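To start, the structure itself, in structure tokens.
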Protein chains: 2
Amino acid sequence: MSKKYCYDYPHPAVTTDIVVFTVKDRELHTLLIQRGIEPYKNCWAIPGGFVLENENIDLCALRELAEETGVKNIKLRQLAAYGMPKRDPRGHVITIAYYALIKADDISMKHGSDAADAKWFKIKELPKLAFDHDIILNDAQKALSQGLYDLDNLTVFELLEDKFTIPELQIYFEALSQKTFDRRNFSKKIKDVFPLQDTGDLRKNGPHRPSKIFQLVI
Amino acid sequence: MSKKYCYDYPHPAVTTDIVVFTVKDRELHTLLIQRGIEPYKNCWAIPGGFVLENENIDLCALRELAEETGVKNIKLRQLAAYGMPKRDPRGHVITIAYYALIKADDISMKHGSDAADAKWFKIKELPKLAFDHDIILNDAQKALSQGLYDLDNLTVFELLEDKFTIPELQIYFEALSQKTFDRRNFSKKIKDVFPLQDTGDLRKNGPHRPSKIFQLVI
DNA sequence: TCAAAAGTGTTCTCTTTACACCCATGC
DNA sequence: GCATGGGTGTAAAGAGAACACTTTTGA
């Protein structure tokens, strides 16, 4: 199967890469795969792969993510395109990067998929990454923390079940933005920005007053 | 020259498109070219073209823009990648879109370049555009107006000479954001956000009090 | 002397920040 | 009963919006 795809004009290769974030144990994590093949064999990398013929790039990202990590049915946001000629030793590869936020337990993280291994890493304890993936990951984190209060976006709520408590929400906001907030001000602001509804139920959660359970309206 | 570029894997074609904005007569304009070839022959389009082998995508955008419109030495900002398989009738073409803001008189807008014709259009009086360029243009305008007060960006100042007056600045801000501002509040805010220095000179500009001339520091 | 646009300062409102006390639970 | 974290309101500060009068020029 050598050189069977031919064109009138030179075509650089195109890949998609997907930076997947989650919050576990109050800390921001990202999903990496260990590369099974050269280049950068055994090195950790952002999941991703080549765009197929006539494949929508958004769907390519979803497909590659599912193949390499088992993660499905999530909402991707486009980050940027990276096209330095030297970024891939195999030749000119342009990558279109995406990012997403998901619940950590959405993933069965099964072995036996294309990637040798897929694993959550704390954002503060990353291994050395393949290609320019350190730059991409850094840009993704910036984009993530900027869109937190965007009502059209609702990234954070992809981390939560339908019903949640305000302190729970605060944990996620703090992990995502790498900041801490005053409990009272956070509660006020969050109720102001997002349409939250008090379900009337309480969640007992330890040796202290139970917290109210809310849900997002529409 | 048929089918002489061959690869092991399918490679979609990659182009860059560049949305160039300016402000003339207090109105936002964009630079379009009239296509000389099919598809969409004679239709107006955003300038752009194919990425060459091993060509940095940012440099490709600059090159295509220079070839098609004569515009050089400007700062581009990446907007997004567009990759719907049906967006180009010739096949799967992924485009990486950029946008820029320049002085209207930076352009000699000479004929004899690759494009049949290049012309400024008022953003409110656009012709029908080729491909999905209406969507790209719309996204670019949104991105442009969002970055106006970003000190790391300084887009607006690309429209101005080194020295400028506050009322002049206000005209540009209003055209770019499609809003109007109170003169007094605008003056205060702008001096607050950007490091402006009063040069001590005045600009006489009609039958009224002359305005102070400022410059951006660093 | 008049019209046109530029310069400037104050008040009010709203948003954001800072901060303290009481409450329900599990051990 | 006590430690733990959750619930809430108020005062102060800062940012943004509203607003009016004086100044300089050219005709």
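So that the names make sense, note that chain A is the first sequence line, chain B the second, and so on, each numbered from 1. What you see is a predicted model, and the numbers here were worked out from it, not measured in a lab.
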Fill in: Side chain B:H92, main chain B:P12, donor-acceptor under 3.5 Å
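Pair absent, no side-chain N/O of B:H92 close to backbone of B:P12.
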Worksheet entry | Flag, side chain of A:E68 to backbone of A:G48, donor-acceptor distance under 3.5 Å |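 Side chain of A:E68 to backbone of A:G48: a pair is present.
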[atom1] of [X] versus [atom2] of [N]: gap in Å, rounded?
X: B:I166; N: C:dA5; atom1: CD1; atom2: P; answer: 18 Å
X: A:K212; N: D:dG5; atom1: NZ; atom2: C1'; answer: 16 Å
X: A:L169; N: D:dG6; atom1: CG; atom2: C1'; answer: 14 Å
X: A:F181; N: D:dG6; atom1: CZ; atom2: P; answer: 16 Å
X: A:R203; N: D:dG7; atom1: CZ; atom2: C1'; answer: 16 Å

Worksheet entry | A:L101: which of A:T22, A:V20, A:L144 passes side-chain contact (heavy atoms from CB on, under 4.5 Å) |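 Answer to the side-chain contact (heavy atoms from CB on, under 4.5 Å) test with A:L101 among A:T22, A:V20, A:L144: A:L144.
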Worksheet entry | Close residues, residues 182-193 of chain A, relative to DNA chain C [heavy-atom separation under 4.0 Å] |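 Nucleic-acid contacts, sorted: A:D182, A:R183, A:R184, A:N185, A:K188.
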Item to complete: Apply the test salt bridge (Lys or Arg N to Asp or Glu O under 4.0 Å) to residues B:D117 and B:K119: give CA-CA distance (whole Å), side-chain angles for both, the deciding distance (0.1 Å), then the verdict.
Response: CA-CA 7 Å; B:D117 203 1; B:K119 211 176 120 182; over 6 Å; no
Worksheet entry | Test of ring centre spacing under 6.0 Å for B:F194 and B:F157 |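 Centroid distance B:F194-B:F157: below 6.0 Å, so yes.
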Worksheet item: Are B:F181 and B:F173 an aromatic pair by the rule of ring centers under 6.0 Å?
Response: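 B:F181 vs B:F173: aromatic centres not under 6.0 Å.
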Can you give each donor-acceptor pair under 3.5 Å made by side-chain atoms of residues 203-218 of chain B, sequence neighbours left out, with the distance rounded to 0.1 Å?
from	atom 1	to	atom 2	distance (Å)
B:R203	NH1	B:E168	OE1	2.8
B:H208	NE2	B:N205	O	3.3
B:Q215	NE2	B:Q197	OE1	3.2

Could you list the protein-to-nucleotides 25-27 of chain C atom pairs, N/O on both sides, closer than 3.5 Å?
from	atom 1	to	atom 2	distance (Å)
C:dT25	O4'	A:H208	O	3.2
C:dT25	O2	A:P207	O	2.8
C:dT25	O2	A:H208	N	3.0

Worksheet item: Any chance the side chains of B:D139 and B:Y82 put a donor and an acceptor closer than 3.5 Å?
Response: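 Looking only at side-chain atoms, B:Y82 and B:D139 do form a donor-acceptor pair, the distance falling under 3.5 Å.
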